[in-house]
Every structure is written in C-alpha cells, then in structure tokens.
Amino acid sequence: MKIVSILSAWMPGLGTLLHYRRDWLRADARAGLSVAAVALPVGVAYAELAGMSPVAGLYASVLPMMVYALFGTSRQLIVGPDAATCAMVAATLVPIARGNAELYISLSVTLAFLTGALCLIASRLKLGFLADLLSRPILLGFLNGVAISIVVGQLGKVFGFQYRHANLLERLGELPGNLWPVQWPVVLVALAALGVLWASNRWLPRLPSALAAMVVCGLGVWLLGLDQRGVAVVGPVPAGLPQLHWPSLPLRNLGELLGAAAALALVSFNSAMLTARSFAAKNRYDVDADGEFRALGAANIAAALSQGFVISGADSRTAVNDANGGQTQMVSVIAAATIALVMLVLTGPLAYVPQAALGVVLIYASLKLVDWRGLWSLRRYSRGEFLLALGTTVGVAFVGVMPGVGLAVTVAVLRFLMRVARPRESLLGVYPDRDSFHDLAIHPGAAAVPGMMVYRFESPLTFFNAAYFKHRVLALVDTAETPVYWLVIDSLPITQFDLTALAMLRELNAELAERGVTLAFAGRREEWLNWFRERGKTPDERLYSTLQAARRDFNAKMAGR
C-alpha cells in the first residue's frame, strides 16, 4: 500500500487508473476511439513534416500516450506529434543531417531523448513557472509564423513539385515557376481531400475529417491506379509495434542538439500547459505545472525509446477527447491501444495514402494555428506587445523557427529587464480631507505634504537599477519647487533588494544628509528589520509601517522645531 502511495505521488494517473470507476468506461472508450481516429492520419502527416517516415508518427503516438496516462496531471490532455514541434525538429535536423537519412533518424531520436531529459530536470528543479516565459504575444506570433512556414512548405506536395531551396523567401520566389505546368492528377487529389475535409466538417462534425480525407483519397489512388500517373504516395509502411531502442548520443552534434532540445522543451511545455490549463479550467480541476514537466519529459523519453520524435500536447486531439466526454487518462490508454492494433493489422492501406492529401491535411490544420484577429487585438491593447508578436511571426516564418523563437524570447526578456531597470515612478500626495496617499500625476486634487516628498519606485531594488534609483531621487530633491526636509520612499512596491542596493542606500542617505534631508521608508517595516537582523546590520534610515505613520512623525518633528 505504501509503495502504491509513493508511485501515485510520482504518477498521478496511476491512482486514477487503480481506482477506475466502471461508469466512466463508456465515455472514455468513445473518446479514446475518436482520438485514435484523428491521431492516425495526423501522426502520419506530422511525421512527414518532421522529416521522418510515416510509421514514426505512429510510433510517437502509442508509448508516449501510455506513459502520459500514468504521469500526467491533466485528465483531458492528449500528447503526440504536434505541428509546431515537428517544424522545429525539421528546422534543427535538416542542416545537421545534410541528406543522410540514417543520421537524421538517429538525431531525431536523440533530440527527443534530450528534450525529455531536460523536461525531467526542469521538473526536479521546480521550473514549472517557465510555463509563463513564452508570453501570449510570443506564442501567438510563434504559431502564426509556424503556420505560414508549413503552408508554404506543403504547397509542393499539393501541386506536385519539389522546392530547390529551404528558405521561405526563396521558396516564395520559386512558386510561380513551379505551379506551371499543372500536375492535374496531383491537384485533383488535393482538391478531393480539401472537399472531403470541408464537407465532413460542414455536415458530419463528429466524423474525423482528416481520416475521412485520407481514406477517400487512398481509395481513389488504389482504384484508379493514380500512383502510376505521377501521384506520390506514402508507400509501404512496416507492420508491427516499434522495437524499444536506447538512443545513441552523437557527441560531435551534442552541443547543437542540446540547444535545440532546450528550445523544444520550452515550446512544447508551454504549448501543452496552455492546452492543459484551458481544459482543466473548463472542467474545474487543477493541473500541476511541475508534474506536467515530468509527464512531458517521460513521454518524450518514451518517444525516443520507441524510435519516434519530439511530442507535445495536442490541442485538436484534446478537444476531440473533451467533446466526446472523456473523463480520465484511460482515454489515452484506449487511443494508444487502438493505434497499436492498426499498426499490427492495417498498415497495408496506408501505402496508398497520397502525399497531396497529407499536404492538404497539414495546411488545413496549420490554418487553425493562425490567429490574425488575436494579433490585431494586441494592437489595441499594447503597441509593444503587438510589435513583439508581429516580430515573432516574421522571425519564425522568414529567419527560421529556432532563431525566431530565440530572438523573440531574448527581446521579451530584454523588455522585462528594461521595465525593471527603468520602472514607473511617481510622487505621492494627499487630499486636504483625507489621510490616504495618491499619485499626484493622476489625482490633480491631491497635493504634496509641505516639506515631505513621497516617492514611489515600482520595482525591486537590484544591481541593475540601483544607480538609476539614486540618480532619480537626488534629481527630484534638487529640482523640487519647495524645500524638502524628509524624503519618504514608499516601500510596498520594493519587494526585495540586494547588497548593491544596500550600498547605494548608504551612499544616498549620506548625500541627502549633506543636503539637510532625512531619508525614511514606509511599508514592509518588519520585513526590512528582519533582513537587517539576519545580516547583523542596523538600518540608518527611518522605517515606518505606513505612509500615514511617517507623515504623523514628520508633522510632530516639524512642530517641535
């Protein structure tokens, strides 16, 4: 019993499965079969996007789902191949492998293993807060950029040609010349796939549209012999389950792979957490960010061991799960078992699935990633956030997925540091009939207390803004219209300070004393006193619990002069 309790702490899904209720099974079975019906064609399509063989997409959909069912804290999230992470895998490995198919597979498996290992380390270090590092503007721009890259890249399959270049701008330049002469058999297959997708979504919304498109187009290829008329198909898919295989670590490429794995871990975790939190809020339960990091890490290691590639949370398959009433992690188990059964006995028909249909499915799925309305709404909210999202979109689409994400995160961190280094500041005053303090710039009816300047600095005091804080305080005192006898700092926004800030405060206190100004702090008095006691120091400044207490003491001192 104790062992089960310990295991359940590490594997939350295990506890759910051990105490599974029979009345959940019907809904979970329906949801599991629906998820499998969507995951099968999507796995094949996303494997192509990641540069892997179609069967690798199925491999990445079985064992990882089983593992997540044990480790995951979300009852709805479905993991598997994802458009954004697949695009990142291809962007990372194509320049390293340089056309070597065996090396590419080996690197992909290694990349999945490293991504999983970094997720496990992040979970151990309690880095679940990184779910918020990719802000909404960055994630919005990232998904828009990935969608643009995928759409342009898949046009080659839809129109039956191959690009000569990898860069998006160069590919756009190639398009006019590649579209003529028209490869009519290929284009007609693509139009058929598009028609089935549209019709099934329009009139049969509960039918897995991607699966329907591939079945119809594959049947057409088989009956009409279109594979003999220039229509490229998936080709033979090996039957059977994947053999577990421990990845080898290519040391010469380890540096490049580690950087890419870190980016993939961050992006896939943020994407999975957005989906998991959304459905958890809808169904009124909580997910544990550090636990999700661990679950995603275990699932990616499972993908590596089963010769798959990096996986993440899949929003479309999670939505299918929720729409069909999925109750627990048993949905993932049933979906994985269904896919495994197909791999054992039904891989033959997959050989006739046309590449053009896969391209249409990917384009159709990618267009759902695009959120131009959300991008435009950012413009009304914040011009800076809008430019960050737009820059991320352009960077990911035209510079590359990995450099684009890296640049966006760097810019976001720099913007945050700039806000902390040069934060908002204000001078506070009081209304004649009130005791509360207000920002003088916002409340024109308020006035400064004669002889007392109250300054608010809305940031922690640290080494990269201490000098600026001192400069601003002295400048305000020196340029005040009336003499300042006391300078009171509102301490509430100053949540912490370091030794550099402490040294600066000593210097500031001395320079203000030379000007005949007393330095005082109001707010967080006990916290400040505890900080000084722990370090065996005594504060030189006056410390008050509130601004009102500082004002009363100031008035008493001035009255006694």
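Just so you know, these numbers come straight off a predicted model, no measurement behind them.
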Where the side chain of Ser108 meets the backbone of Tyr104, is there a donor-acceptor pair that is under 3.5 Å apart? no
Rounded distance (nearest 0.5 Å) linking atom CZ of Phe113 with atom CG of Leu118: 10.0 Å
For the atom pair CD1 (Ile339) and CD1 (Ile334), what is the distance rounded to the nearest 0.5 Å? 12.5 Å
Residue pair Ser268 / Leu296, side-chain heavy-atom distance below 4.5 Å: yes
Are Glu292 and Leu77 close enough that some pair of their side-chain heavy atoms sits under 4.5 Å apart? yes
What heavy-atom pair brings Gly308 and Ala60 nearest, and what distance separates the two atoms? CA-CB, 4.3 Å
With distance as the sole test, does Thr318 use its side chain to make a donor-acceptor pair with the main-chain N or O of Ile78 at under 3.5 Å? yes
Step-by-step side-chain contact (heavy atoms from CB on, under 4.5 Å) determination, Glu256 to Thr92: CA-CA 8 Å; Glu256 296 170 281; Thr92 301; over 6 Å; no
Counting neighbours of OH on Tyr352 that are heavy atoms of other residues, nucleotides or ligands and sit closer than 6.0 Å, is the number greater than 12? no
Can you tell me how far the OG atom of Ser74 sits from the CG atom of Asp288, to the nearest 0.5 Å? 11.5 Å
What distance do Leu266 atom CG and Leu127 atom CG have between them, rounded to the nearest 0.5 Å? 10.5 Å
Please confirm whether the backbone N or O of Gly57 pairs with a side-chain atom of Ser61, one donor and one acceptor, at under 3.5 Å? yes
Do Leu25 and Tyr20 touch side chain to side chain, with heavy atoms closer than 4.5 Å? yes
Do other residues, nucleotides or ligands put more than 12 heavy atoms under 6.0 Å from Trp222 CH2? no
Do Val187 and Phe159 have side-chain heavy atoms sitting under 4.5 Å apart? yes
Would you call the rings of Phe293 and Phe269 parallel, tilted or perpendicular, taking 30° and 60° as the class edges? parallel
Side chains of Leu341 and Thr338, heavy atoms from C-beta outward: is any pair under 4.5 Å? no
Reported CG-to-CD1 distance for the pair Asn100 and Ile105, which is rounded to 0.5 angstrom: 9.5 Å
Check: Val267 main-chain N/O paired with Ser271 side-chain donor or acceptor under 3.5 Å: no
Judged by atom type as modelled, is there a donor-acceptor pair below 3.5 Å linking the side chain of Gln329 to the main-chain atoms of Gly72? yes
Distance in Å, Gln327 CD paired with Arg26 CZ, rounded so as to fall on 0.5 Å steps: 13.0 Å
For the residue pair Tyr285 / Gln76, report whether a side-chain donor-acceptor contact shorter than 3.5 Å exists. yes
List in chain and number order the residues that pass salt bridge (Lys or Arg N to Asp or Glu O under 4.0 Å) with Asp290, two or more places apart in sequence or in another chain; answer none if no residue qualifies. none
Using a 6.0 Å cut-off, check whether atom CG of Asp286 has over 12 heavy atoms from anything other than its own residue. no
Is the shortest heavy-atom distance from the side chain of Met66 to the side chain of Val333 under 4.5 Å? yes
Looking at Leu111, is its backbone amide N or carbonyl O close enough to the side chain of Thr115 to form a donor-acceptor pair, meaning the two atoms are under 3.5 Å apart? yes
Minimum side-chain heavy-atom gap Ile311-Asn300 below 4.5 Å: yes
Contact between Val287 and Arg75 at the side-chain level, heavy atoms closer than 4.5 Å - yes or no? no
Regarding Thr328 and Asp28, is there a side-chain donor-to-acceptor distance under 3.5 Å anywhere? yes
